[in-house]
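This report concerns only the one structure given below.
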Amino acid sequence: MTNPTSPVRVRYAPSPTGIPHIGNIRTALFCWVIAQQTNGQFIVRIEDTDRSRYDSDAEKAIFESLQWLGLDFDEGPGKGGLHGPYVQSQRQATYVKAAEKLVESGHAYYDDTTPEQLHALRERQKAAKQPPRYDGRGRHRSPEEIEESRQAGLPITIRLKVPDHGKIAFEDSVRGKITFELKELDDFVILKSDQMPTYHLAHVLDDASMGVTHVIRGDEWISSTPRHLLIHQALGITPPKYVHVPLILGNDKAKLSKRHGATSALEYRDMGFLPDAVFNFICLLGWSPGDDTEVMARKDIINRFSIDRINDSPATFDAEKLEWMNGVYIRNMNTDDLICALLPFMEKPESDGGLPDSVTRPIDRVYLKQLIPLVQERLKLLTEGTETLDFFFKENVDPSAEELPGKKMGAAMTIQALEAALALCKTSSPFEPEFLESEYRALAEKIQMKPGQLFSPIRVAITGKKFAPPLFDTMSALGQDRCITRMEKAILTLKLSIIA
RNA sequence: GGCCCCAUCGUCUAGUGGCCCAGGACACGGCCCUCUCAAGGCUGAAACAGGGGUUCAAAUCCCCUUGGGGCUACCA
């Protein structure tokens with residue numbers, strides 16, 4: 001199967017029953033990419049035919065995820081289009097009409113079997129080691145009997161008549177020909193007793209009326225594709241191309257679900273990932289351009305994407321590699337964009353991972369801009385901005401006496417180093433990185449310490465941390481006054497620790 | 001259980017019969033760079049699930065086994 005060259009119409013059709021996870025979103029992403037590539041349309045349709053599982057938060061999360069990843073759609077809820085409405089619950093009449101037409105044409109029938117009876121049937125079959133399946137009893141119900149049940153208030157469904165022998169096959173764009181024995185299928189429900197269609201009926205009808213050319217969906221749908229084909233046959237319409245993409249698995253190799261930790265795109269957003277990085281990363285789950293390229297701009301992905309190159313086998317989501325890729329994207333950002341990305345995280349309340357509440361908001365952008373070069377290559381997540389930069393914004397830092405000494409240094413030696421550093425700090429001018437470095441290197445030699453022994457206590461004294469950006473850039477950015485204050489404070493801390 | 005799908009380093013993958021005693025990336029180890037941490041460079045360890053065929057030649061094609069996954073709802 002070759003890649004489409006003419007414009008496709010593809011749809012992302014989530015059901016609002018839970019927050020969409022990465023695997024689900026990746027399907028949307030593939031759809032979006034192929035639509036961009038062929039200059040086609042990307043449609044979003046909400047499949048809310050299961051009233052009992054409907055969740056409005058989930059619906060919100062679907063659109064939020066799409067928006068965050070930049071997967072804008074051409075037709076869909078809130079966007080309109082020629083084939084709306086794009087919410088299935090608003091199309092109910094169409095489904096009922098189609099199902100009834102199928103009854104009239106003899107392709108389907110009413111069934112008054114109750115859920116209890118169905119359950120009992122299955123139990124019996126299980127006990128007899130038979131595969132559990134509907135036995136087609138409704139086929140023999142007369143219109144009078146059905147009417148009687150209806151009067152009695154029994155639930156009535158409509159089921160499709162499935163031939164009891166023969167084969168049905170289709171050509172899957174990623175897997176090739178897949179064949180099923182019809183005798184494996186039972187007469188399945190197309191219209192539920194609440195007058196809502198099942199997925200099978202609804203999506204077939206909608207895809208047809210919306211002109212969908214390629215059904216791109218998860219692997220888990222392969223098994224029910226014969227049902228969809230049967231509905232097409234009964235309706236006398238041509239099926240679309242089917243593109244079943246492999247599932248994304250959790251680290252235990254099971255279908256991704258809540259228990260696999262962070263699984264939704266939105267969670268990754270909140271953890272400090274960049275949408276471009278996530279976009280790039282998840283499109284590489286189940287697809288690759290064929291060479292060793294991994295970091296790709298969106299337009300390159302659009303250019304190079306191809307259905308032929310979608311993998312057959314499922315992929316496991318590896319958050320560690322995503323972190324690496326996020327770091328690559330952060331390093332490639334220009335300063336202003338990085339500031340914009342970082343600010344919301346830094347300005348959150350302290351309890352929510354932001355800078356200490358004592359730091360006034362909004363944060364000084366001009367000052368932050370000066371700091372970015374010092375930390376850009378050190379960041380893997382946007383959430384790390386707070387911790388790597390906080391000492392620049394805090395009035396003071398408070399390293400303990402234990403933290404201040406460098407390797408193989410006692411308190412006395414640390415005090416000696418800091419006192420020498422402090423004296424020099426008071427007279428250093430200009431307070432510029434290059435000049436500071438030459439001065440402090442000379443000082444180390446003068447007091448017969450290794451550079452590291454002198455620098456280490458200074459670093460801890462002024463940043464409060466063992467690890468920080470390059471020392472002299474840091475000192476310069478921090479300013480002479482704060483360096484002096486912090487060193488004085490550190491010396492005091494050490495002296496007090498000796499007395500105690 | 002039945003049906004369907006899948007099977008290359010721990011993970012993502014390249015590989016479409018000879019270029020492969022299998023290449024890249026993440027993670028991991030070593031070395032270099034170095035004021036710490038990163039970043040970067042070099043380097044190491046690490047895989048064709050097993051068995052049968054087909055072929056001069058198989059990771060690549062076929063079959064079986066094994067393993068994993070999915071479906072088997074008036075859920076999608």
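Side chains included, hydrogens not; waters and symmetry mates left out as well; all remaining heavy atoms used. The model shown is predicted, which means the values in this text are computed figures rather than measured ones. So that the names make sense, note that chain A is the first sequence line, chain B the second, and so on, each numbered from 1.
At a threshold of 4.0 angstrom between heavy atoms, the contacts of A:Asp111 with the nucleic acid are absent. Residue A:Leu471 is in base contact, counting any heavy-atom pair closer than 4.0 Å across all strands shown. Backbone-only engagement by A:Ala315 is indicated by non-hydrogen atom pairs under 4.0 Å involving sugar-phosphate atoms exclusively. Nucleic acid contact for A:Phe180: sugar-phosphate only, since backbone atoms but no base atoms lie under 4.0 Å from a heavy atom of the residue. When heavy atoms are screened at a 4.0 angstrom cut-off, A:Gly286 is found touching the sugar-phosphate backbone but no base atom. At the heavy-atom level, A:Gly218 lies nowhere under 4.0 Å from the strands shown. Looking at heavy-atom distances under 4.0 Å, A:Pro246 makes no contact with the nucleic acid at all. Within the 4.0 angstrom heavy-atom criterion, only backbone atoms of the sugar-phosphate kind lie near A:Ser288; the bases stay farther away. Contact annotation for A:Pro314: backbone-only contact, meaning every heavy-atom pair under 4.0 Å involves sugar-phosphate atoms and none involves a base. Among the protein residues, A:Pro20 comes within range of no part of the nucleic acid, since none of its heavy atoms lies under 4.0 Å from any strand. In this structure, A:Pro470 reaches the bases: a heavy-atom distance under 4.0 Å links it to at least one base atom across the strands shown. Within the nucleic acid shown, A:Ser15 comes within 4.0 Å of sugar-phosphate atoms alone, with no base atom in reach, counting heavy atoms only. As judged by a 4.0 angstrom heavy-atom cut-off over every strand, A:Lys466 is placed among the base-contacting residues. Using a 4.0 Å heavy-atom criterion, one finds that A:Ser193 contacts the bases of the nucleic acid, with or without backbone contacts as well.
For B:rC3, the paired nucleotide is B:rG70, the pair qualifying as Watson-Crick or G-U wobble because both relevant distances are below 3.5 Å. Summarising the base pairing, B:rA25 is matched to B:rU11 through a Watson-Crick or G-U wobble pair whose two defining distances lie under 3.5 Å. Pairing partner, B:rC20: none, since no Watson-Crick or wobble contact has both distances short of 3.5 Å. Base-pair partner of B:rC35: not found among the strands shown (Watson-Crick or G-U wobble, both distances under 3.5 Å). The partner of B:rC42 is B:rG30, judged by Watson-Crick or G-U wobble contacts that both fall below 3.5 Å.
Taking the six-membered ring where tryptophan is involved, the planes of A:Tyr242 and A:Phe170 are perpendicular, since the angle between them exceeds 60° and thus also 30°.
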For this session: Just do the side-chain contact (heavy atoms from CB on, under 4.5 Å) check on A:Asp55 and A:Thr17 with the steps written out, would you?
Result: CA-CA 5 Å; A:Asp55 176 355; A:Thr17 53; 5.8 Å; no

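Between A:Ser224 and the phosphate of B:rU72, there is no side-chain N or O to OP1/OP2 separation shorter than 4.0 Å. Of the side-chain N and O atoms in A:Arg331, one or more sit less than 4.0 angstrom from OP1 or OP2 of B:rG40. Side-chain N/O atoms of A:Arg122 include one lying less than 4.0 angstrom from OP1 or OP2 on B:rC74. Between A:Asn311 and B:rA14 there is a side-chain N or O to OP1 or OP2 distance below 4.0 Å. Close to B:rG2, at under 4.0 Å from its OP1 or OP2, lies no side-chain N or O of A:Arg133. The side chain of A:Lys192 contributes an N or O atom lying less than 4.0 Å from OP1 or OP2 of B:rC75.
The distance between the ring centers of A:Phe317 and A:Tyr268 falls below 6.0 angstrom. Ring centers of A:Phe472 and A:Phe435: at least 6.0 Å apart, outside the cut-off. Ring centroids of A:His228 and A:Tyr199 are separated by less than 6.0 Å, placing the two rings close together. Taking the ring centroids of A:Tyr329 and A:Phe273, they lie at or beyond the 6.0 Å cut-off.
Side chain A:Thr157 to base B:rC74: no donor-acceptor pair is found below 3.5 Å. For B:rC37, its base sits under 3.5 Å from the side chain of A:Arg378 at one donor and acceptor pair at least.
By the neighbour-count criterion of 12 heavy atoms within 6.0 Å, atom CD of A:Glu445 is sparsely surrounded, having that number or fewer from other residues, nucleotides or ligands. Other residues, nucleotides and ligands contribute only 12 or fewer heavy atoms inside 6.0 Å of the CD atom of A:Glu434. The number of heavy atoms from other shown groups lying within 6.0 Å of CD (A:Gln195) is above 12.
If you measure from atom CG of A:Leu185 to atom C1' of B:rU72, you get 10 Å, rounded to the nearest angstrom. Taking atom CD of A:Gln376 as the reference point, atom P of B:rG40 lies 13 Å away to the nearest angstrom. Taking atom CZ on A:Arg304 and atom P on B:rA14, their separation rounds to 12 Å, with Å as the unit. As a whole-Å value, the separation of A:Ile462 CD1 from B:rC35 P is 16 Å. Going from atom CD1 of A:Ile458 over to atom P of B:rC37 covers 17 Å, rounded to whole Å. Atom-to-atom, CD1 of A:Ile178 to P of B:rC6 comes out at 7 Å; the value is rounded to the nearest Å. Between the C1' atom of B:rG40 and the CD1 atom of A:Ile330 lies a distance of 18 Å, rounded to the nearest Å. Following rounding to the nearest Å, A:Phe455 (CZ) and B:rC37 (P) show an atom-to-atom distance of 15 Å.
Here the separation of B:rC12 from B:rC4, taken at their P atoms, is 26 Å to the nearest Å. Using atom C1' as the reference point in both B:rC71 and B:rA76, the two lie 12 Å apart (nearest Å). With both ends at atom C1', the span from B:rC28 to B:rG67 equals 27 Å, rounded to whole Å. Taking the C1' atom of each, B:rG40 and B:rC33 are spaced 8 Å apart, rounded to whole Å. Comparing the same atom, P, in B:rG29 and in B:rG68 gives a spacing of 31 Å after rounding to whole Å. For the C1' atom pair drawn from B:rA46 and B:rC6, the interatomic distance equals 23 Å after rounding to whole Å. Taking the C1' atoms as reference points, B:rA49 lies 16 Å from B:rG10, given to the whole Å. The separation of B:rG18 from B:rA25, taken at their C1' atoms, amounts to 27 Å, rounded to a whole angstrom.
Residues A:Met196 and A:Tyr95 fail the side-chain proximity criterion, which asks for heavy atoms closer than 4.5 Å.
Mapped onto RNA chain B by nearest heavy atom, A:Pro115 and A:Ser223 fall at different nucleotides, with A:Ser223 at the one closer to the 5' end. Looking at which nucleotide of RNA chain B each of A:Asp219 and A:Thr316 is closest to, the 5′-most match is held by A:Asp219.
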Exercise. Could you run down nucleotides 20-27 of chain B 5' to 3' and tag each one B, S or - for protein heavy-atom contact under 4.0 Å?
Worked result: ---BBBSS

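The closest side-chain donor-acceptor pair between A:Tyr86 and A:Asp206, if any, does not fall under 3.5 angstrom.
Shown here for A:Arg309 and A:Gly290, the closest heavy-atom pair between the two residues is NH2-CA, 3.0 Å.
With respect to A:Thr198, the side chain to side chain contact (heavy atoms under 4.5 Å, CB included) criterion is satisfied by exactly one of A:Lys192, A:Arg227, A:His203: A:Lys192.
Within residues 46-53 of chain A, the residues approaching RNA chain B are A:Glu47, A:Thr49, A:Asp50, A:Arg53, by heavy-atom distance under 4.0 Å.
Judged by the 6.0 Å distance and 45° axis criteria, A:Arg150 is positioned over the aromatic ring of A:Tyr110.
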